[in-house]
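Notes to accompany the following structure.
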Protein chains: 2
Amino acid sequence: MTAKPQSVEDFHARLHEVSEGLPKRMRQCADYLAANTDRVALSTVAELATGAGVAPSAMMRFCQIMGYSGYSDMQQIFRAAVSSGLPDYASRISALRDRGADSPSALLAEFVDAGRGSLETLANKVDAAALDQAVAALAGAEMIHLAGLRRAFPVSAYLAYAFEKMGHPAMLHDGVGALQQAASIRIGDALIATTFTPYSDETVALIQTCVDRDIPVVVLTDSPLGPVQGASVLTLPVAEADVGAFRALSATHCLAITLAVAVGAAKSRAS
Amino acid sequence: MTAKPQSVEDFHARLHEVSEGLPKRMRQCADYLAANTDRVALSTVAELATGAGVAPSAMMRFCQIMGYSGYSDMQQIFRAAVSSGLPDYASRISALRDRGADSPSALLAEFVDAGRGSLETLANKVDAAALDQAVAALAGAEMIHLAGLRRAFPVSAYLAYAFEKMGHPAMLHDGVGALQQAASIRIGDALIATTFTPYSDETVALIQTCVDRDIPVVVLTDSPLGPVQGASVLTLPVAEADVGAFRALSATHCLAITLAVAVGAAKSRAS
DNA sequence: ACTTCAATGGAATGTTTATTCCATTTCATG
DNA sequence: CATGAAATGGAATAAACATTCCATTGAAGT
């Protein structure tokens, strides 16, 4: 007999384990729980059963299949996860806001909250398949070029640092000295461009050049459409929450560093 | 009769409203709830009452003082806040991880989770008073100098963008062309230095120069002690979670942009 | 078509938890 | 010090809920 899953991760593993060869109603329970794991902490068996379209007793039986003594036993795991997830974040945020509308603390609360929201949205909205494709396209490149100006520049700069640290050839197109760096992009290379609306002309022009030459481009941007469409262009949209006229770019940085590390891992696996 | 608070914010407002002229036991309830708001969603009256050191019936009465019909009625508000706070973040994260240990999606889940954790830690650990001091010190400066190399460079670059956008004089010490930019720091200016262990020599040297000349320095760093101590140095520590050898710097960026916007707001209020 | 056994739904049960009520205490006031 | 009103704690009650049991259904094998 397998021991009962002690963490949310274990739970999903177990769910996957038992998912085959399950009778109809039990399968409904499994599917519903897989898609609505977060509801378990706060719902009653009856609510959950209704959601899954089964009788409460069926849900009870499923809990036992999963290895728990009953529903309450299972719920404990998820309640623990919730309460450790936000130890006292919510109260701290309101405490910071309470220091006054214009105080730096209140501002920090806004940015932290916006950043957290953006990260969650990123996790919820990201197209895993597109991400895989982007990594594959970049992993095939000799050298990776990095474009991003004005507020997108820090993202490119960070990518440059990451690639350097992994020993991967990369070039930051920073426009220093107004040199024409575009000419250094060769067949077999790839471009990661970061740009937000309103798109900067230089970055759009650089992407267009690459598209014309059929060089792979991965675009990090804030609109699903992106600045340029084309056969060799892969757009990864990131919804970033604003605070006034500014945004913290937490989600964009996250996606960027993920790309870099994933490409590095793919390369080292290939060699 | 005041209507019952419909949100966690309303709740705190109401708590403050009634906080004076309360009998002893009711005051205990108020104090405990103010400090442990996050527990309400998952606890029973009995648990809460024990925590506050009162009888369950006292806690019930307090719920009614707050305007609710009873404990369950009050709890609803907090449960709603929890479930909207994590729509299905937790399940998405595990779904992303499920795509395979080495997949880009799993990596993204790691970085998003790390970023979120860092932001929460920032909100919980930040010293609001130190933040106020830092803003005050910077708001008095003619020009703000920005130092940060290697992985700290993106943070400085972003600060440079923010100050430029607000029309505030700022100079990014980027080391391009190995020019000695240190000489441009004048009495009446201030420095924001970002550096992580192991600290880069150039940045430490620049901070030291400023300390020697009694020029205000705000340091964003990952250790509470910071690279340099001194009368004119104010260290703002940021605990940033690592993913392997990399970190996403979400919290540092958040703190940086907060500093910049708060300084901008302070300046425009003064003029 | 018949038998058998797993699967299922619904009703009955027992437990936990909220809520109310009342006897007792505490405190302020005359 | 006496009296009344507010406050309090604990026990009684009621509601919500998890859990179990059993009769019925459905499916597989003979």
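The sequence lines fix the lettering, A, B, ..., with proteins before strands; numbering per chain opens at 1.
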Rounded to whole Å, how long is the line connecting atom [atom1] of [X] with atom [atom2] of [N]?
X	N	atom1	atom2	answer
A:Tyr71	D:dT20	OH	C1'	18 Å
A:Arg27	C:dA6	CZ	C1'	17 Å
B:Met59	D:dA7	CE	P	17 Å
A:Glu47	D:dA16	CD	C1'	11 Å
B:Gln76	C:dA18	CD	P	14 Å
B:Tyr68	C:dT19	OH	C1'	18 Å
A:Met60	D:dC21	CE	P	11 Å
B:Leu22	C:dT26	CG	C1'	17 Å

(request) Would you indicate, yes or no, if C:dT20 has its OP1 or OP2 atom less than 4.0 angstrom from a side-chain nitrogen or oxygen of B:Gln64? (result)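 Yes, within the criterion.
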
(message) Is the phosphate of D:dA18 approached by A:Gln75 (side-chain N or O, under 4.0 Å from OP1 or OP2)?
(response)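 No, outside the criterion.
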
Heteroatom pairs (N/O) under 3.5 angstrom, protein to nucleotides 9-16 of chain C:
unit_1: C:dG9; atom_1: OP1; unit_2: A:Arg25; atom_2: NH1; d: 2.1
unit_1: C:dG9; atom_1: N7; unit_2: A:Ser57; atom_2: OG; d: 3.2
unit_1: C:dG10; atom_1: O6; unit_2: A:Ser57; atom_2: OG; d: 3.1

(request) Kindly indicate, with the supporting measurements, whether the criterion side-chain contact (heavy atoms from CB on, under 4.5 Å) is fulfilled by B:Phe196 and B:Arg247. (result) CA-CA 11 Å; B:Phe196 303 107; B:Arg247 53 176 73 164; 4.0 Å; yes

(message) To the nearest 0.5 Å, what is the distance between CG on B:Leu259 and CD1 on B:Ile192?
(response)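 Here the rounded value is 5.5 Å.
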
(message) Could you measure the distance from the CG atom of B:Leu122 to the NE2 atom of B:His253? Nearest 0.5 Å is fine.
(response)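 B:Leu122 atom CG to B:His253 atom NE2 measures 13.0 Å (nearest 0.5 Å).
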
(request) Check every atom of C:dT8, D:dT19, D:dT8 against the side chain of B:Met26 and return the nucleotide holding the closest atom. (result)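 For B:Met26, the side-chain atoms sit closest to D:dT8.
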
(request) Counting heavy atoms from C-beta on, name the nucleotide in C:dT8, C:dA18, D:dT8 closest to the side chain of A:Lys24. (result)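 Within the option list, the nearest is C:dT8.
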
(message) Against the six-membered ring of A:Tyr32, is A:Arg39 placed for a cation-pi contact (under 6.0 Å from the centre, within 45° of the normal)?
(response)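 Judged by the rule (NZ or CZ under 6.0 Å from the ring centre, within 45° of its axis), A:Arg39 is not positioned above A:Tyr32.
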
(request) Could you please spell out the steps behind the side-chain contact (heavy atoms from CB on, under 4.5 Å) verdict for B:Met66 and B:Lys4? (result) CA-CA 7 Å; B:Met66 289 291 288; B:Lys4 66 185 177 189; over 6 Å; no

(request) Please check if any side-chain donor atom of B:Gln64 sits under 3.5 Å from a side-chain acceptor atom of B:Arg61, or the reverse. (result)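 No, because no side-chain N or O of B:Gln64 sits under 3.5 Å from a partner of the opposite role on B:Arg61.
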
(message) Going by side-chain contact (heavy atoms from CB on, under 4.5 Å), A:Pro5 matches just one of A:His12, A:Glu17, A:Arg14, A:Met74. Which one?
(response)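 It is A:Arg14; the other options fail the test.
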
